[in-house]
Protein chains: 2
Amino acid sequence: MKSAVEPLKARRIYLLLRDRIVAGELPPGRRLPGEPVLAAEHAVSRVTVRRALDLLEKEGLVQRKAGSGTFVHDTRTVRPIVADLSNVLSHLIDMGRSTDVKLLSFGYGVPPESIAESLGLKPGERVQRSVRVRLIDGEPFSYLTTHVPEWIGLTYSEAELAARPLLELIERSGVTTERATQAINATLAGPEPAAALDLEIGSPLLTLTRIVYEPSGRGVEHLHALYRPDRYSFHMDLVRTGSDGERRWSPALGWPRGIDKSKADKNKTEKNKQGEKPTRSPRVTKQRS
Amino acid sequence: MKSAVEPLKARRIYLLLRDRIVAGELPPGRRLPGEPVLAAEHAVSRVTVRRALDLLEKEGLVQRKAGSGTFVHDTRTVRPIVADLSNVLSHLIDMGRSTDVKLLSFGYGVPPESIAESLGLKPGERVQRSVRVRLIDGEPFSYLTTHVPEWIGLTYSEAELAARPLLELIERSGVTTERATQAINATLAGPEPAAALDLEIGSPLLTLTRIVYEPSGRGVEHLHALYRPDRYSFHMDLVRTGSDGERRWSPALGWPRGIDKSKADKNKTEKNKQGEKPTRSPRVTKQRS
DNA sequence: CAAAGCTGTATTATCCATCATACAGGTTCC
DNA sequence: GGAACCTGTATGATGGATAATACAGCTTTG
């Protein structure tokens with residue numbers, strides 16, 4: 001029979017420790033149990049424990065000091081970018097950080113059936129396919145694969161795609177975009193995304209699949225996005241709506257400053273809990289839409 | 001030099017093939033290249049290729065026929081549950097499927113600092129912590145860790161928690177919930193979640209962290225949820241809003257019918273469940289005939 | 001300073017995933 | 001039927017991950 005492919009022991013221990021760290025069970029600054037102790041606890045050799053700690057260190061979750069110990073790193077310094085549901089990078093703009101785009105692949109052809117179906121294409125209809133990587137401060141954080149019907153794709157050049165948001169190019173071509181559906185999920189990094197995102201194969205990735213429709217109902221863009229979870233995540237504010245019978249959460253439409261708030265608030269609710277009016281975040285929009 | 005912990009080759013090839021399948025490059029029904037061909041392509045032995053195919057088969061992505069070949073399975077029969085952003089299982093209700101809850105852990109204590117901070121607790125303030133697993137049709141799909149201030153948690157019993165939604169219990173206690181923030185991300189399964197969700201360690205998971213606030217701004221619930229991506233995903237409809245200068249996507253509040261339709265075709269295959277009981281697969285390491 | 005920790009590093013032995021190969025049995029097609 | 005595929009299964013050889021052990025150098029503590 002097959003012996004199921006089991007993760008390496010080092011990886012096992014890495015995941016275990018990582019969980020305890022991100023769960024807060026091991027708070028920032030705390031010293032981890034010594035390597036011999038960990039080795040005994042998990043019934044592995046010290047070499048294996050060190051491999052696990054190597055991984056944690058490479059991810060910036062712990063910091064090792066020779067002769068002293070291994071300490072949980074203050075992760076607050078390494079925060080992921082925050083995006084709202086519209087995929088707008090919230091405080092990216094405020095902070096004036098720059099994003100670059102690298103175009104990995106560009107071409108035309110007949111798409112796989114699943115894409116054709118979701119775009120509502122006629123059999124054999126051609127699309128433009130592109131693969132892009134987006135970087136922030138030189139570090140890659142997203143891997144985008146897009147499919148656009150050929151008749152739209154032909155209205156802009158390869159260089160334009162690398163320079164401007166795709167949706168802007170689509171709208172410039174005269175198409176009106178009105179409706180979209182998107183799904184968020186998780187997956188593991190295959191070889192190409194892993195290489196492009198500077199990750200190891202098998203790393204976790206956040207996925208977003210979005211299909212944009214024009215009013216007639218035809219699809220005009222199919223986006224498959226992969227995000228590094230340590231550099232990107234989706235945030236949103238919810239408000240309780242509906243009358244008593246059918247209560248549920250709805251996305252807050254007031255504007256995002258939500259995440260920053262949830263963080264700024266914590267200090268506030270503690271110290272001065274008089275209802276200070278939430279300061280309208282100064283919309284310093286760098287105009288990047 | 002440290003030889004970095006590299007994923008097993010079998011896993012590598014598994015991920016590669018999986019990507020090509022879900023991307024639609026290998027459409028349902030298509031025969032995969034033969035095992036010897038795959039082995040040559042990836043410069044590995046046939047045994048390793050088989051291990052990769054074993055994984056794909058176990059996930060239902062391919063179907064093997066002795067003497068004939070390995071075929072891409074029609075994945076449309078194995079679709080994840082769909083939830084909107086409010087975390088409401090959309091057509092789950094329509095279809096009359098049942099969800100059960102298993103309570104894995106229940107107790108009171110002082111939470112880790114990161115939780116206390118996000119709930120806005122006073123130092124040393126106690127919380128109720130619970131870990132639950134949610135199942136659909138007997139299969140686990142989510143692993144929920146919740147922290148609730150003690151004064152709220154004491155208003156209901158352990159049994160009630162296992163039977164009713166937590167938020168309902170909180171509101172029953174007299175607390176009004178008004179606002180919440182949530183973040184969606186991805187991670188790898190550690191030992192406990194993996195066991196509870198019937199997954200291998202290192203499987204990808206979708207995460208949702210939600211903090212619910214009462215009007216005064218105090219946190220009343222901290223939820224950390226892990227979802228199996230093959231059984232759960234977030235979907236939403238977006239509409240293009242805003243005037244010309246500042247166009248963006250907003251969540252559509254009207255009801256999703258787009259996604260439901262794509263799934264409405266329930267070609268129930270007979271391959272659903274064999275009589276085998278999934279309780280505990282005896283880890284057969286070696287077997288000689 | 002000295003003792004007791006700790007991390008960093010090296011060595012050798014063992015175990016397991018992978019390799020290379022061979023063969024059995026089913027399916028497809030001529 | 002029979003050739004040419006395919007998957008299923010078994011074998012021994014090999015290499016990399018892990019184990020067990022030892023020691024060096026640093027930090028903290030008394």
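Here the structure is a predicted model, which is why all the values come from computation and not from measurement. A note on names: the letters A, B, ... follow the listed sequences, proteins ahead of strands, and every chain is numbered from 1.
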Original post:
Quick one: salt bridge (Lys or Arg N to Asp or Glu O under 4.0 Å) partners of A:Arg46, sequence neighbours excluded?
Top reply: A:Glu35
For nucleotides 19-23 of chain C, which of its nitrogen or oxygen atoms have a protein nitrogen or oxygen under 3.5 Å away, and what is each distance?
from	atom 1	to	atom 2	distance (Å)
C:dC19	OP1	B:Lys9	NZ	3.4
C:dC19	OP2	B:Ser45	N	2.7
C:dC19	OP2	B:Ser45	OG	2.9
C:dC19	OP2	B:Thr48	OG1	2.3

**OP:** Using the test salt bridge (Lys or Arg N to Asp or Glu O under 4.0 Å), find all partners of B:Glu25 that sit at least two apart in sequence or belong to another chain.
**Re:** B:Arg20
Original post:
Excluding sequence neighbours, so at least two apart, what forms side-chain contact (heavy atoms from CB on, under 4.5 Å) with B:Ala183?
Top reply: A:His235
**OP:** Mind checking side-chain contact (heavy atoms from CB on, under 4.5 Å) for B:Asp100 and listing every partner two or more places apart, or none if nothing turns up?
**Re:** B:Leu135
Original post:
Residues in side-chain hydrogen bond (donor to acceptor under 3.5 Å, both in side chains) with B:Arg18, at least two apart?
Top reply: A:Thr187
Original post:
Of all residues at least two apart in sequence or in a different chain, which pass the side-chain hydrogen bond (donor to acceptor under 3.5 Å, both in side chains) check with A:Glu150?
Top reply: A:Arg126
**OP:** Could you tell me which residues satisfy side-chain hydrogen bond (donor to acceptor under 3.5 Å, both in side chains) with B:Ser68, sequence neighbours excluded, listed by chain and number?
**Re:** none
Original post:
With respect to the phosphate group of D:dT7, does any side-chain polar atom (N or O) of B:Arg50 fall under 4.0 Å of OP1 or OP2?
Top reply: no
Subject >> Terminal helix-axis angle for the helix from C:dC1-D:dG30 to C:dC30-D:dG1, with five pairs defining each axis and rounding to 10 degrees >> reply: 30°
Subject >> Sugar-phosphate or base contact per nucleotide [nucleotides 24-30 of chain C; S, B, -; heavy atom under 4.0 Å] >> reply: -BBS---
Subject >> Residues in side-chain contact (heavy atoms from CB on, under 4.5 Å) contact with B:Pro33, at least two apart in sequence or another chain >> reply: B:Val37, B:Leu38
Original post:
For B:Thr70, which residues count as a side-chain contact (heavy atoms from CB on, under 4.5 Å) partner, sequence neighbours excluded?
Top reply: B:Leu32, B:Leu53, B:Val62, B:Arg64
Subject >> Phosphate OP1/OP2 of D:dT7: any B:Thr70 side-chain N/O under 4.0 Å >> reply: yes
